[in-house]
Amino acid sequence: MSSRLPVALASVFFPLFVGACGGDDALTDAAVDAPVDGAVDAGVTIVALPEAVVAPSLLPCPTGWQEVSDGAGQASCDPWPATGAVDCPTGEAHFPGAPGCTTVGAACPTGAFASGMPAGTVFVDRAASAGGDGTESTPFVTIAEARAVLPATGGVVALARGAYDEEVRVESGELTIVGACTAETSLTRTAGDAPRAIVSARGGQLTMRNVRIFGAEIGVASVVDATSLLTLEGVQIDDTKVSGAIALDGGRLVMRDSAVRDTALGTGTSESGRAFQVLDAAEIVLERVVIERVRDLAFYVARASTSMTDVAIRGVAPTASGDKGRALEVLGGATVTLSRVVIEDVYDVALLVGQEGTSLTAEDLLVRRVAPSIPAESGRGLEVVSGAHAAVTRAVFDECSQTAVFLSGAGATAGLTDVVVSRTRPNADGTSGRGCQLVGGAAATFDRVVFDSNYDVAVFVNEGSTLDATDLTVTRTGSEMATGQDGSGMAVQFGSTVTLTRALLSENRSHGIFVDGEGTVVSGSDITVRDTRGWEVGGVGGVGIGVQHGASLTLTRSLLERNREVGVLGHHNGTTITLTDATVRDTLNSGCFEAGACDVRSAGLAAISGAHLGAERFLVTGGAFAGVQLALGGEMDLYQGEVRGHLIGAAVGTGGFDVARISDEVAYHDNETNLDATELPVPGAGDPIMGSGS
């Protein structure tokens with residue numbers, strides 16, 4: 001704000017003290033409202049308009065993914081055709097980017113064995129006669145016989161069609177086992193001490209191709225240390241009771257063109273059924289893998305590392321006792337990298353990242369349909385807690401429940417770039433449904449992020465948390481049917497800090513931006529808040545920006561238009577609002593006033609109950625009632641601006657207020673009355689948003 005003292009109104013500024021409307025200094029509507037090189041002419045000075053927000057860029061789509069567009073024209077990518085993903089038979093899977101079911105591994109050969117086997121291969125056919133010599137014409141009957149004739153350094157074993165009830169365990173050397181095809185060559189184990197894996201590398205290197213592994217407690221394992229390497233190519237793992245695949249104690253596992261499905265789903269009492277577990281310096285690498293219909297956790301990573309490329313995780317159920325049902329849980333300093341990954345139909349949380357030093361990096365990510373398990377406690381797309389970090393680029397979170405992106409605790413951080421968060425739903429009890437929630441001192445950065453059609457609050461920053469957002473779009477928050485929900489585009493409270501650079505908030509319900517609590521600070525530049533709707537039921541809400549209870553707001557280049565009740569509202573002692581280059585136009589009366597259910601009418605700028613609002617270079621025009629309003633000790637300092645086209649230019653209900661403070665190079669004209677000192681009804685403060693969700 002300018003430090004200069006208020007001056008007498010020059011002849012170009014119609015005096016405040018005249019009750020009639022003045023017209024000889026009026027600008028035409030076109031001159032006032034039409035942008036000229038990013039600005040509006042307020043008749044006093046040029047008021048700069050906000051720069052346009054840059055939309056997320058989710059294109060080009062990965063190979064095979066389909067370009068789709070939402071109702072607002074935002075383009076994104078879908079890994080499935082319009083008919084969706086397909087449930088495939090044994091030996092096939094619907095990989096991301098494919099039009100439908102595709103063979104897992106090689107197609108079944110015309111003969112008994114896979115073609116093109118190298119010289120020295122030992123052949124096994126369980127249907128053969130005993131006493132074979134391991135050649136293709138007279139094969140062994142068991143894998144154990146074949147391994148007995150191989151040198152200690154290893155070799156290659158070819159399996160004919162059939163079901164082999166054997167354990168394959170490698171402790172040294174390099175062994176390769178090639179099945180005829182996944183649909184017709186299988187390994188299981190019905191005897192032995194449980195839990196043990198059907199296939200394991202325990203110090204050696206084992207490669208397996210074109211085989212189905214099913215039954216028993218654990219499908220495959222790579223354990224002991226970094227000398228253990230298990231490579232699976234064209235393999236299907238299913239019907240395991242504890243885990244499909246495990247890597248422990250430095251062991252490594254690589255899986256390509258494979259599928260893991262139906263783990264522990266038929267037992268009725270199982271408390272496990274995880275697809276993958278990676279622990280204690282182990283590593284798992286997945287490339288083109290489908291994980292579907294698993295229980296408890298699709299992936300558990302602790303003190304280890306994992307990378308996934310072209311992976312689909314579909315259908316994660318809870319344990320028999322109703323616990324978990326998560327796609328990915330990363331803890332204990334683990335690192336996970338995702339590229340071109342789709343996660344859908346998950347019971348509890350899609351991505352949980354927790355504990356100090358733990359990190360998740362994801363690009364080209366689609367998370368959708370995360371359903372609630374316990375009201376107000378679950379259904380999150382991304383959860384980052386307890387000092388962990390997540391970096392997400394080119395992602396869509398759609399139809400999550402409770403909160404799509406949730407950060408909790410000091411040290412919990414996330415960076416979102418080119419991300420869309422849409423249609424977050426309420427829990428089973430009708431509460432929550434938030435796009436993003438930061439609580440307990442968490443911190444996030446957003447760059448080109450859209451929140452669209454979320455149920456409750458789109459962006460909720462609470463309990464001393466921090467958000468730095470550039471090119472943020474928040475639109476259509478609040479269900480038509482919701483009652484008792486907030487519906488704000490952004491809510492910042494209880495000592496939190498938000499910095500905005502280019503933001504658009506439109507068609508939200510209660511507030512475009514709601515700022516509450518001592519120590520809460522919101523600052524920004526190039527901010528547009530428009531068409532805040534209010535609630536259909538009761539007709540309340542619709543404030544463009546509300547600041548209260550000692551919070552602070554500072555904006556440069558802001559546009560507030562067609563909001564209901566108030567464009568910018570300050571409430572309570574200690575609340576401060578500072579606006580530079582602000583345009584407030586066409587503020588509407590509240591829905592409840594229009595319905596005859598309340599007597600509070602509109603104001604472009606309002607300071608109530610001790611709040612202070614200052615504006616320099618501003619235009620307030622075309623509102624349904626008052627241009628500016630002060631009441632109950634509220635104060636304003638206005639400099640270089642214009643208030644025009646209202647029933648009342650300035651409604652001053654604060655007793656003893658010096659009106660020179662709102663007339664320093666400020667023009668009031670084309671108002672029915674320029675000054676009204678009557679104590680008019682005032683807009684009320686909002687209620688703080690409840691529930692941290694932590």
Student: In Å, rounded to the nearest 0.5 Å, how long is the span from OG1 of T306 to OH of Y300?
Tutor: 12.0 Å

Student: Angle class for the F451/F446 ring planes (parallel below 30°, perpendicular above 60°, tilted otherwise)?
Tutor: tilted

Student: Begin with the C-alpha distance, continue with both residues' side-chain angles, and end with the deciding distance and a verdict on side chain to side chain contact (heavy atoms under 4.5 Å, CB included) for I545 and V547.
Tutor: CA-CA 7 Å; I545 302 177; V547 188; 4.0 Å; yes

Student: Evaluate the side-chain proximity of E616 to T578: yes if any heavy-atom separation is below 4.5 Å, no if none is.
Tutor: no

Student: Less than 4.5 Å apart, any side-chain heavy atom of L360 and any of L351?
Tutor: yes

Student: Would you find a donor on one side and an acceptor on the other, under 3.5 Å apart, between the side chain of R434 and the backbone of T403?
Tutor: no

Student: Take F657 and E635 through the side chain to side chain contact (heavy atoms under 4.5 Å, CB included) test and state the conclusion after the steps.
Tutor: CA-CA 8 Å; F657 180 77; E635 298 185 341; 4.3 Å; yes

Student: Mark yes or no for whether R533, through its side chain, and E507, through its backbone, hold a donor-acceptor pair below 3.5 Å.
Tutor: yes

Student: Can you find a pair of side-chain heavy atoms, one from L560 and one from V568, that are under 4.5 Å apart?
Tutor: yes

Student: To the closest 0.5 Å, what do you measure between CG (D364) and CG (D418)?
Tutor: 10.0 Å

Student: Does the D70 side chain pair with the main chain of Q74, one donor and one acceptor, at a distance under 3.5 Å?
Tutor: yes

Student: Kindly determine whether H572 and S609 satisfy side-chain hydrogen bond (donor to acceptor under 3.5 Å, both in side chains), including the steps that lead there.
Tutor: CA-CA 5 Å; H572 305 117; S609 302; 5.6 Å; no

Student: Check whether any side-chain N or O of T520 sits under 3.5 Å from a backbone N or O of G495 as a donor-acceptor pair, and report yes or no.
Tutor: yes

Student: Is there a donor-acceptor contact under 3.5 Å from the side chain of D456 to the main chain of G478?
Tutor: no

Student: Would you say T475 and S506 are linked by a side-chain donor-acceptor pair, where the criterion is simply a distance under 3.5 Å?
Tutor: yes

Student: For H646 and F625, indicate whether the former's side chain and the latter's backbone hold a donor-acceptor pair under 3.5 Å.
Tutor: no

Student: Are E329 and K324 within salt-bridge range, i.e. N to O under 4.0 Å?
Tutor: yes

Student: Does any part of the side chain of E399, heavy atoms only, come nearer than 4.5 Å to the side chain of R425, both counted from C-beta?
Tutor: yes

Student: Assess whether a salt bridge exists between R557 and E51, defined as any Lys/Arg side-chain N lying under 4.0 Å from an Asp/Glu carboxylate O.
Tutor: no

Student: Given L638, which partner from the list V620, V628, D664 fulfils the side chain to side chain contact (heavy atoms under 4.5 Å, CB included) test?
Tutor: V628

Student: Between L365 and V392, is the side chain to side chain contact (heavy atoms under 4.5 Å, CB included) condition met? List the steps.
Tutor: CA-CA 8 Å; L365 172 69; V392 179; 4.2 Å; yes

Student: Can you name the closest pair of heavy atoms from G627 and V643 and give their distance?
Tutor: CA-CG1, 3.8 Å

Student: Is it the case that R617 and Q640 place a side-chain donor and acceptor less than 3.5 Å from each other?
Tutor: no

Student: Answer whether the closest heavy-atom distance between the side chains of V682 and Q629 falls below 4.5 Å.
Tutor: yes

Student: Tell me if a side-chain donor or acceptor on T575 pairs with a main-chain N or O of G570 at a distance below 3.5 Å.
Tutor: no

Student: Might you point out which heavy atoms bring L680 and A651 nearest each other, and give the distance in Å?
Tutor: CD1-CB, 3.8 Å

Student: Just verifying a value: how many Å separate L555 CG and D526 CG, rounded to the nearest 0.5 Å?
Tutor: 10.0 Å

Student: Less than 4.5 Å apart, any side-chain heavy atom of T532 and any of V543?
Tutor: no

Student: Could you check whether N589 and E594, counting side-chain N and O atoms only, form a donor-acceptor pair closer than 3.5 Å?
Tutor: no

Student: Is there a side-chain contact between F397 and S422 (heavy atoms, below 4.5 Å)?
Tutor: no

Student: Looking only at atom types and distance, does a side-chain atom of T358 sit under 3.5 Å from a main-chain N or O of V353, one as donor and one as acceptor?
Tutor: no

Student: Please find the pair of heavy atoms, one from L407 and one from A444, that lie closest to each other, and give the distance.
Tutor: CD2-CB, 4.1 Å

Student: Determine whether a donor-acceptor pair (N or O, by modelled atom type, separation under 3.5 Å) exists between the side chain of E679 and the backbone of T654.
Tutor: no

Student: What's the separation between atom CG in D468 and atom OG1 in T497, rounded to the nearest 0.5 Å?
Tutor: 10.5 Å

Student: About how many Å separate CG of L605 and CG of L569, when rounded to the nearest 0.5 Å?
Tutor: 10.0 Å

Student: List the steps, then state whether side chain to side chain contact (heavy atoms under 4.5 Å, CB included) holds for V316 with R326.
Tutor: CA-CA 6 Å; V316 185; R326 298 169 181 170; 5.5 Å; no

Student: Side chain to side chain contact (heavy atoms under 4.5 Å, CB included) with D486: which of D687, N508, T477, I689?
Tutor: I689

Student: Out of V349, V439, L382, which residue meets the side chain to side chain contact (heavy atoms under 4.5 Å, CB included) rule with F406?
Tutor: V439

Student: Kindly indicate whether the side chain of L619, heavy atoms from C-beta on, has any atom under 4.5 Å from the side chain of V584.
Tutor: no

Student: Name all residues meeting the salt bridge (Lys or Arg N to Asp or Glu O under 4.0 Å) criterion together with R562; count only those two or more places apart in sequence or in a different chain, and write none if there are none.
Tutor: D531

Student: Give me the atom names and distance for the closest heavy-atom approach of V421 to V405.
Tutor: CG2-CG2, 4.3 Å

Student: Please name the pair of heavy atoms, one in G440 and one in S465, separated by the smallest distance, quoted to 0.1 Å.
Tutor: N-OG, 3.6 Å

Student: Under a 3.5 Å distance rule, please check whether S496 uses its side chain to pair with a backbone N or O of G464 as donor and acceptor.
Tutor: yes

Student: Picking from R369, R368, R423, what satisfies salt bridge (charged side-chain N to carboxylate O under 4.0 Å, His left out) with D398?
Tutor: R423

Student: Could you give the distance from CD (Q548) to CD1 (I608), rounded to the nearest 0.5 Å?
Tutor: 12.0 Å

